[in-house]
Visitor: 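Structure in structure tokens, see below.
Naming convention: chains lettered A, B, ... in sequence-line order (proteins, then strands); numbering from 1 in each chain.
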Amino acid sequence: MKSIDMLEKTFSPQDIEARLYAGWEESGAFAADPTRAAAPFTIMIPPPNVTGSLHMGHALTFTLQDTLIRWQRMRGRDALWQPGTDHAGIATQMVVERLLAGEGTERRALGRETFLDRVWQWKAESGGTITRQLRRLGASLDWPRERFTMDDGLSRAVREVFVTLHRQGLIYRDRRLVNWDPKFQSAISDLEVESREIKGSLWHIRYPLADDPTRFLVVATTRPETRLGDTAVAVHPEDARYTDLIGRSVVLPLVGRAIPIVADSYSDPEKGTGAVKITPAHDFNDFEVGRRHDLPMPSVLDREGRVTLAEIATDSAFVHSLQGVDRFEARRRIVAELETLGLLERIEPHTHQVPHGDRSGVPIEPLLTVQWYCNAGELAKAAIASVEDGRTKFVPQQWENTFFAWMRDIQPWCISRQLWWGHRIPAWYGPDGEVFVAHDANEAEQAAEKHYGKQVALTRDEDVLDTWFSSALWPFSTLGWPQQTPELARYYPGDVLVTGFDIIFFWVARMMMMGLHFMGEVPFRHVYIHGLVRDERGQKMSKSKGNVMDPLELIDRFGADALRFAICALTGPGRDIKLGPSRVESYRSFVTKLWNAARFCEMNGIAPDPDFDPARATLPLTRRILAEASAAVAQANAALEAYRFDEYAAACYRFTWNTFCDWFLELAKPALQEAEVKRTAAHVLGLLLRLLHPVMPFVTEELWDHLGYGAPCSLIRAPWPATFEVPGADAARAELDWVVRLVGEVRTVRAEMNVPPSLRAPVLLKDAAPESIARGGRWLEAIGRLARASDFAPLAGEVPAGSAQAVLDEATIVLPLAGLIDLVAERARLEKERAKAQKEAEQVARKLDNADFVARAAPEVVEETRERLESARAEVARLEAALARIG
RNA sequence: GGGCGCGUAGCUCAGCGGGAGAGCACCACCUUGACACGGUGGGGGUCACAGGUUCAAUCCCUGUCGCGCCCA
């Protein structure tokens, strides 16, 4: 019965991954349980955009999170990995708008309600892509708890937060310059603006003095099209060239308006001509200058980036011809007109930073509008303090600097967006513009009635909130807040937030501000910041470069375990990871190695024995592998506790391949019939599967189930291995190390002397201490097999002529190979060895000759150095003797 | 311009005050009782450069150069 059920010769991930995942999910293995006595362990997923599909960045972050969650779950913690998706305002609205465009319509034609119905319909049909793909990766999220930032509960949390912050004066309306995205026709926050270097021009324009039209003030600008809205020219107060002009006026060319020359230190005498036009409604710096000098602030561009003359007066036919013209066309026409009029002194090529919308890619336009703002400066105080006093720690810690730098200079957060898809701002306006912020229309109407003394018709604010406003609430809104649920009490604050540095400001900082304000406690204890996934040459992945890797394709080719292991192995602290298919392929070899080791154990009839007690092991072989296994567990714990995924992976890799396969199984082969060896092998393999499960869940679960360690799909819940004491571990290690070194020395000599492996030759020990002889005697079979020895014995008489030799501690290994080896080559080999030992001896001797070293270095260091010198000298002596014997 | 990080074997990266490491790649040999997605052995590095601190520096400090990222 068992024989037809043996493990397949090769591991086929595609056959088992879906089955195992379904098995875990259906059995509730991912479920947190607030009623359990165990301590909770919480990770909040950074909610991927509902429009998203799994990319390598997701594969990285979710592999790390799943590894941590599975590890803590096995450790007995009540693990909650909270799943969900983000409504992603602009991204989702764009997706649906594109669909509509394909149907020959657009959102305004549909109207707001119909459009939103359409978005929800899209979400129902296509919004589950990313969550399906997360399952392919093996992510053990608690799916029944899945949330969406626009679901009813989270929307309620958003309204509650908005209303509360408004009442506290921390949310307010203000008319000021915002970053206006002309493509989306919406305000965006400072964070959504990225500056791009643009090769443009600096136009030097003559502004005639009002009281002396023969004199000009030359003004340099990169944006001639906004000059219709100039309301001053600024010069530096200490700029001697212009002192006499301060307080006088210039006539704004084309427009004909007289505007003052003001002194303001914003003007940089080194830049351009030192005289700068001031357009308060279209430039952030100019806005400040305008405020300082109480200047008018006419807007001359509209929400689509076209010229509007509504706020300026002019008789110029040319200027009137610009009405409704796009900003870049207006620039061309104005420059041409100035040139015609002889007012353009020169054009200087000029490279400068131009703000662009990060999603739209178009230059943003500072625009004077009324928007909703959040007083981030006030909320930031508690968040800064929580990092200063260590309630939240960043890993790697250097990211705290980045966090502090931004938080200490944080600007008001513009939270309103002129979009339709999102949380509509819970504010209503009376006929006179009075604002009523309330949880719902009913409450707003009551407030209005109280205010006006009668019922009035209210209109609701058209705008929605910045998507990040709702994600800022994620750590508590997903747990039921504002209701006081058992989940909220138990799983807040979370243990660790795992994410990339690119959203420290967008998301991490804002969660901390909101969490501290509304929950009175940090949302998470640790913030683990990982790098970016790049291609194997270190290039950022991008569609235009064509170097984008698809994690699903890698999973199809190599299996989820190989991809996950590659990610962990390459994730060092504070580094980007360079990943290519060849890396994943090479870690697939590791998966295969594990599979084959398990097959070998199965073929030898190893069987799990729950009563096995490592403390009762008697053999050096079993004691050593058990001690190594315990050490591997300790290493894995230390690595994972420090978020050193690379070290965790390396410890697993080393222990599995090097320690377990290369030495333990090889040495155990003939002994696998012995009960203790067999039981130990079974025990250690079981430990290994548990140790590897967090990073390689599929293959380990399959082996665990198949080999009978537990019921189907039970490894995910198996207890994480504990470290344990092994009696006589040191002696066992010493003995096995000696065997390993003996075999290694013999192999090296044979390989270098080109002795064919098929030829077995005696291994003799000269000058060996009795305990070495005894050790060898206990390992005759292994030495024979692994060192290709036909015999192993102490050397009684003289070293036979034509032998190869090698030094092992006090003894010399002698391989009588007369006629089979080239003595000239053997002499050269020994001389090289001697030179190496001699160099070591000289280096160490020089150190000990230094009186300062002996006097000042730590005594144990000096002692260790003396021992090193002694053994190096002994080795030189033995190699000398070996050389002398060759003659 | 300000800040952060990185320069260690061909590649990717650990290490970080006292003997230069791993994986992959490479070369040679090997189908030895799971595994050629394998086994065994081997070659390969003035630890970017220059100063300083120290008995001792790849490691700490300062500077220079090169690369990357963030902010203005």
Visitor: Would you say A/Trp657 reaches B/A22's phosphate, i.e. side-chain N/O to OP1/OP2 under 4.0 Å?
Guide: no

Visitor: For residues A/Tyr709 and A/Trp704, establish whether the separation of their ring centroids is below 6.0 Å.
Guide: yes

Visitor: So what does A/Asn754 hit on the nucleic acid, given a heavy-atom distance under 4.0 Å: a base, only sugar-phosphate, or nothing?
Guide: nothing

Visitor: A/Phe506 and ring-ring contact (aromatic ring centres under 6.0 Å, His included): which partner among A/Trp413, A/Trp406, A/Trp468?
Guide: A/Trp468

Visitor: Under 4.0 Å between a side-chain N or O of A/Ser589 and OP1 or OP2 of B/G38?
Guide: yes

Visitor: Nearest-Å distance, CG (A/Leu191) to P (B/C70)?
Guide: 13 Å

Visitor: Is there a donor N/O on one and an acceptor N/O on the other, under 3.5 Å, for the side chain of A/Lys593 and the base of B/C35?
Guide: yes

Visitor: Testing the 3.5 Å rule here: is there a donor-acceptor pair between the side chains of A/His530 and A/Thr61?
Guide: yes

Visitor: Does A/Phe645 have its ring centroid less than 6.0 Å away from the ring centroid of A/Tyr528?
Guide: yes

Visitor: Kindly say whether, by distance alone, the side chain of A/Arg868 makes a donor-acceptor pair under 3.5 Å with the base of B/G19?
Guide: yes

Visitor: Using a cut-off of strictly less than 4.0 Å, decide whether A/Lys847 has a side-chain nitrogen or oxygen near OP1 or OP2 of B/G19.
Guide: yes

Visitor: Using whole Å, what does the distance between atom C1' of nucleotide B/G1 and atom NE2 of A/His352 come to?
Guide: 18 Å

Visitor: Between A/Arg575 and B/A14, is there a contact of a side-chain N or O with OP1 or OP2 at under 4.0 Å?
Guide: yes

Visitor: Could you state the atom-to-atom distance from CZ of A/Phe565 to C1' of B/U12 in whole Å?
Guide: 15 Å

Visitor: I'd like to know if the side chain of A/Glu192 pairs up with that of A/Ser189 as donor and acceptor (distance under 3.5 Å, no hydrogens or angles considered).
Guide: yes

Visitor: Below 4.0 angstrom from OP1 or OP2 of B/A14, is there any side-chain N or O of A/Tyr653?
Guide: no

Visitor: Roughly, in whole Å, what's the span from CD in A/Glu400 to P in B/G5?
Guide: 13 Å

Visitor: Regarding A/Glu864 and A/Arg868, does a basic nitrogen lie under 4.0 Å from an acidic carboxylate oxygen?
Guide: no

Visitor: Quick one: is B/C24 close enough that its OP1 or OP2 comes under 4.0 Å of any side-chain N or O from A/Lys578?
Guide: no

Visitor: Nearest 0.5 Å, what's the CD-CZ distance between A/Gln843 and A/Arg846?
Guide: 6.0 Å

Visitor: Runs of at least three consecutive Watson-Crick or G-U pairs, both distances under 3.5 Å, are what I'm after; which ones involve RNA chain B?
Guide: B:1-7 with B:65-71, B:10-13 with B:21-24, B:26-30 with B:38-42, B:48-52 with B:60-64

Visitor: May I ask you to verify if any side-chain N or O of A/Thr748 is less than 4.0 angstrom from the OP1 or OP2 atom of B/G42?
Guide: yes

Visitor: So, does A/Arg588 get its side chain near the phosphate of B/C24, meaning an N or O under 4.0 Å from OP1 or OP2?
Guide: no

Visitor: Is the base of B/A28 touched by the side chain of A/Glu752 through a donor-acceptor pair closer than 3.5 angstrom?
Guide: no

